[in-house]
Amino acid sequence: MHATVAEVWVAVDVATGDILGSVTLPRAGEALTELGRAGELEFRLLAVDPGARGRGIGRLLTEFVLDTARSRGASRVVMNSGTDMVVAHRLYESMGFARMSERENPPGIEPTRAYGLDL
């Protein structure tokens, strides 16, 4: 489904051409899942190459998401990630995202954490 409604954005090291990380956003006017609501931009699958960790790539990609949301007129950014992604959760919290427990997966489905940031 994501192939029809999503865009994958990639961070590349200009000097080497190496892929440093990526993030999945919905195309303008689309939604990735039911997590997103009208006026929100949902992002998924923010990933940083293990060799690029510690270089601030996750923060840069998250800032890109926020800039994209603002340019599209969104009032909030939301995301949902696995509960074991503790480094990512610390990053989002350090950037002002708040946990949205009411929008996390119900019991019996992969455990997740949902975060939102009002713009």
Side-chain angles (χ1 to χ4, degrees):
M1 183 205 70
H2 283 173
T4 62
V5 298
E7 303 171 334
V8 176
W9 291 86
V10 179
V12 176
D13 184 315
V14 176
T16 65
D18 293 338
I19 294 175
L20 304 174
S22 62
V23 65
T24 300
L25 299 177
R27 292 181 181 160
E30 298 285 352
L32 297 178
T33 68
E34 302 79 34
L35 180 66
R37 309 268 196 301
E40 297 178 341
L41 182 123
E42 175 191 10
F43 70 100
R44 290 287 181 134
L45 305 171
L46 190 146
V48 175
D49 183 89
R53 291 190 179 140
R55 294 175 54 184
I57 304 302
R59 182 172 297 276
L60 288 172
L61 285 168
T62 305
E63 289 171 354
F64 170 77
V65 170
L66 297 174
D67 290 343
T68 301
R70 288 182 186 105
S71 73
R72 293 184 185 180
S75 59
R76 178 186 284 167
V77 173
V78 296
M79 67 85 50
N80 200 331
S81 71
T83 55
D84 57 344
M85 306 300 289
V86 294
V87 173
H89 300 158
R90 282 195 302 266
L91 169 65
Y92 303 137
E93 291 167 0
S94 77
M95 295 180 76
F97 283 78
R99 190 156 174 201
M100 304 169 67
S101 57
E102 75 281 2
R103 290 171 72 176
E104 294 172 357
N105 284 347
I109 300 177
E110 177 190 3
T112 61
R113 281 189 144 184
Y115 285 91
L117 177 68
D118 292 331
L119 300 176

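What you see is a predicted model, and the numbers here were worked out from it, not measured in a lab.
Here R37 pairs with nothing under the salt bridge (Lys or Arg N to Asp or Glu O under 4.0 Å) rule; sequence neighbours left out. Applying the salt bridge (Lys or Arg N to Asp or Glu O under 4.0 Å) rule to R90 yields no partners; only residues at least two apart in sequence or on another chain are considered. Checked against side-chain contact (heavy atoms from CB on, under 4.5 Å), V14 has no partners two or more places apart in sequence or in another chain. Not counting sequence neighbours, the partners of D13 by the salt bridge (Lys or Arg N to Asp or Glu O under 4.0 Å) test are R55. Under the rule for a side-chain contact (heavy atoms from CB on, under 4.5 Å), S75 has no partner lying at least two apart in sequence or in another chain. Residues meeting the side-chain hydrogen bond (donor to acceptor under 3.5 Å, both in side chains) test with S81, sequence neighbours left out: H89. With sequence neighbours excluded, the residues that form a side-chain contact (heavy atoms from CB on, under 4.5 Å) with S94 are R59, L91. Residues passing the salt bridge (Lys or Arg N to Asp or Glu O under 4.0 Å) test with E40 are R76, R103, sequence neighbours excluded. Listed by chain and residue number, E7, P26, A28, L41, T68 satisfy the side-chain contact (heavy atoms from CB on, under 4.5 Å) test with R72 (two or more places apart in sequence, or in another chain).
Within the hydrophobic cluster formed by Ile, Leu, Val, Met, Phe, Trp and Tyr side chains joined at under 4.5 Å, directly or through other members, V8 is accompanied by V10, V12, I19.
The number of heavy-atom neighbours closer than 6.0 Å to CE of M85, taken from other residues, nucleotides and ligands shown, is 12 or below.
Of the possible polar contacts, one joining the T112 side chain to the N105 backbone as a donor-acceptor pair under 3.5 Å is found. Under the 3.5 Å distance criterion, the side-chain polar atoms of D49 are matched with a main-chain donor or acceptor of G51.
For residues 12-37, the set of pairs meeting the ring pair (Phe, Tyr, Trp, His ring centres under 6.0 Å) definition, not counting sequence neighbours, is empty. Listed by first then second residue, pairs satisfying ring pair (Phe, Tyr, Trp, His ring centres under 6.0 Å) with a partner in residues 36-70 read W9-F64, F43-Y92, not counting sequence neighbours.
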